[in-house]
Amino acid sequence: MQQPLLVPGEGMEESPPKTLPKSLRDRISAYKAMAWEAYRSKPISHWILLVLSSAAMLVAFPASSLLSRLYFSNGGKSKWLISWVAVAGWPIPALILIPTYFILGVYPTPLNLKLVVSYIVLGFLTGADNLMYAYAYAYLPASTASLLASTVLVFSSLFGYLLVKNKMNASIINAIVIITAGMVIIALDSDSDRYGYITDSQYIMGYVWDILGSALHGLIFALSELVFIKLLGRRSFHVVLEQQVMVSLFGFIFTTIGCIANKDFPAMASEARRFKGGKSAYYLVLTWGVITFQLGILGSTAILFLASTVFAGVLNSIRVPLTSIAAVILLKDPMSGFKILSLIITFWGFACYIYGNRPASKEPS
């Protein structure tokens, strides 16, 4: 039970009650004033949308990860099908985009050859990235796959620095080293983390594909930013939605071709019959996988415009332990002491990254 704090006039009378230094009190008061001013500067609708977007990101992304693992643990076999599910919901942002033109009074971005080619390339890379993650969730516990996927921050920082000339300071380098150390800890503790029916080679394959998928995801982040800088010249809400729709559409085309070539669509009926829980559970897992993945993307997109990239990073750092904890509770994932240590280290790495990316502003005096 938490003990109550001592207040002036109570506790040990031999020593005078301690008070906060005036400068610290002033700073706290100034930060409170700044927070209140920020709250008052936006309409209530802004904060409602921010809460809903944050909830979408914190709920939908972990849910999509757990559903991917649930598909494989209950008898699903197709990696192509799960990668297809990740982009099959591309009409969802399209349905939001169309009325946005009328609400904001804007026109669709004109397409040219370079822009179309960039969307095709990003769509192909997105489809390949989803396929790599599908292999990871086929062979790794969801909690482990989520922790390894947090290395996307490392790769997005590196590619952002190399391709977009984003800043790289000591805090960001420190975050890269810390998160890398967390991944090494997981690799060293693979014996306590592996499911009994997963072979050594499958576990290694899942680990490698997860890291490669994170590297490719970091490259996609950097290339997407490059498209905004070089081809679009601006970053507004409807433009980002357009990119999401187009990239998901081409990713959908790529993974659909893969599913057809792999004969996964005709095999769905027999796979559903063998699925633990029956056909209804099978199709529910796939349907909710489509919905949750797109809702998570929409939530993160909205946060970038309603708040900042730093706030999106804060939510992303919270999402990793949420996914791991949910996987342990709902899917009975193994959680060794080393994995808990890796989780703590990863969370600290995110904190260093957020600190390194904080906006440069004058401290209140």
Side-chain angles (χ1 to χ4, degrees), residues 54-55 57-70 72-73 132-133 135-158 171-196 198 203-215 217-218 221 292 296 299-300 303 310-357:
S54 302
M57 187 174 175
L58 292 177
V59 174
F61 272 141
S64 64
S65 299
L66 297 183
L67 287 166
S68 296
R69 181 57 214 160
L70 193 64
F72 290 111
S73 63
M132 292 178 184
Y133 279 134
Y135 272 95
Y137 278 96
Y139 300 134
L140 300 175
S143 54
T144 303
S146 174
L147 277 170
L148 292 174
S150 66
T151 54
V152 69
L153 183 147
V154 172
F155 295 109
S156 61
S157 298
L158 293 175
S171 293
I172 295 175
I173 294 172
N174 187 42
I176 291 173
V177 173
I178 290 172
I179 292 174
T180 303
M183 301 312 103
V184 172
I185 290 173
I186 290 180
L188 295 175
D189 191 43
S190 60
D191 287 342
S192 66
D193 187 48
R194 192 175 68 240
Y195 289 124
I198 298 296
Y203 185 91
I204 293 171
M205 186 184 298
Y207 191 101
V208 171
W209 281 122
D210 207 341
I211 297 297
L212 289 176
S214 298
H217 205 68
F221 275 148
T292 54
S300 59
I303 286 166
V310 175
F311 186 65
V314 171
L315 293 181
N316 197 52
S317 66
I318 296 172
R319 179 172 66 87
V320 172
L322 278 182
T323 305
S324 298
I325 293 168
V328 171
I329 295 172
L330 299 176
L331 303 181
K332 310 301 181 187
D333 268 14
M335 181 60 79
S336 66
F338 280 105
K339 190 188 284 188
I340 294 172
L341 177 61
S342 176
L343 182 62
I344 295 170
I345 287 176
T346 301
F347 194 80
W348 180 249
F350 272 114
C352 293
Y353 178 81
I354 292 164
Y355 180 80
N357 279 280

Completion exercise
Tested for side-chain contact (heavy atoms from CB on, under 4.5 Å) against L343, the lone hit among S146, S150, S324, S143 is S324
Problem - Gap between atom NE2 of H217 and atom CG of D210 - 0.5 Å precision - result: 11.5 Å
Fill in the blank from the handout: Taken to the nearest 0.5 Å, the spacing of L212 CG from L148 CG works out to 11.5 Å
Practice task
Find out whether T144 and Y203 are in side-chain contact, i.e. whether some heavy atom of one side chain is under 4.5 Å from a heavy atom of the other.
Solution key: yes
Practice task
State the CD1-CG distance between I204 and L140, to the nearest 0.5 angstrom.
Solution key: 11.0 Å
Exercise for the section: Run the numbers on F155 and I211 for side-chain contact (heavy atoms from CB on, under 4.5 Å), then give the verdict. Expected result: CA-CA 10 Å; F155 295 109; I211 297 297; 4.1 Å; yes
Problem - Minimum heavy-atom distance between D333 and P141, given as atom pair plus value - result: OD2-CB, 3.3 Å
Fill in the blank from the handout: In terms of heavy-atom contacts, A138 and I198 come closest through O-CD1, 4.1 Å
Problem - Which atom of A60 lies closest to which atom of T292, heavy atoms considered - result: CB-O, 3.2 Å
Exercise for the section: Measure the CD1-CD1 distance between I344 and I178 for me, rounded to the nearest 0.5 Å. Expected result: 13.0 Å
Completion exercise
Heavy-atom closest pair (R69 atom, Y137 atom, distance to 0.1 Å) is NH1-O, 2.7 Å
Handout entry: Nearest non-hydrogen partners of S342 and G182, listed with the distance
Key = OG-O, 2.8 Å
Completion exercise
d(L330 CG, I325 CD1) to nearest 0.5 Å is 11.0 Å
Exercise for the section: Evaluate the side-chain contact (heavy atoms from CB on, under 4.5 Å) criterion for residues F61 and T323: first the C-alpha distance (whole Å), next the side-chain angles of each, then the deciding distance (0.1 Å), finally the verdict. Expected result: CA-CA 8 Å; F61 272 141; T323 305; over 6 Å; no
Problem - Minimum-distance pair of heavy atoms, taken over all atoms of A149 and Y133 - result: CB-CE2, 4.1 Å
Problem - Between CG on residue L322 and OG on residue S65, distance to nearest 0.5 Å - result: 11.0 Å
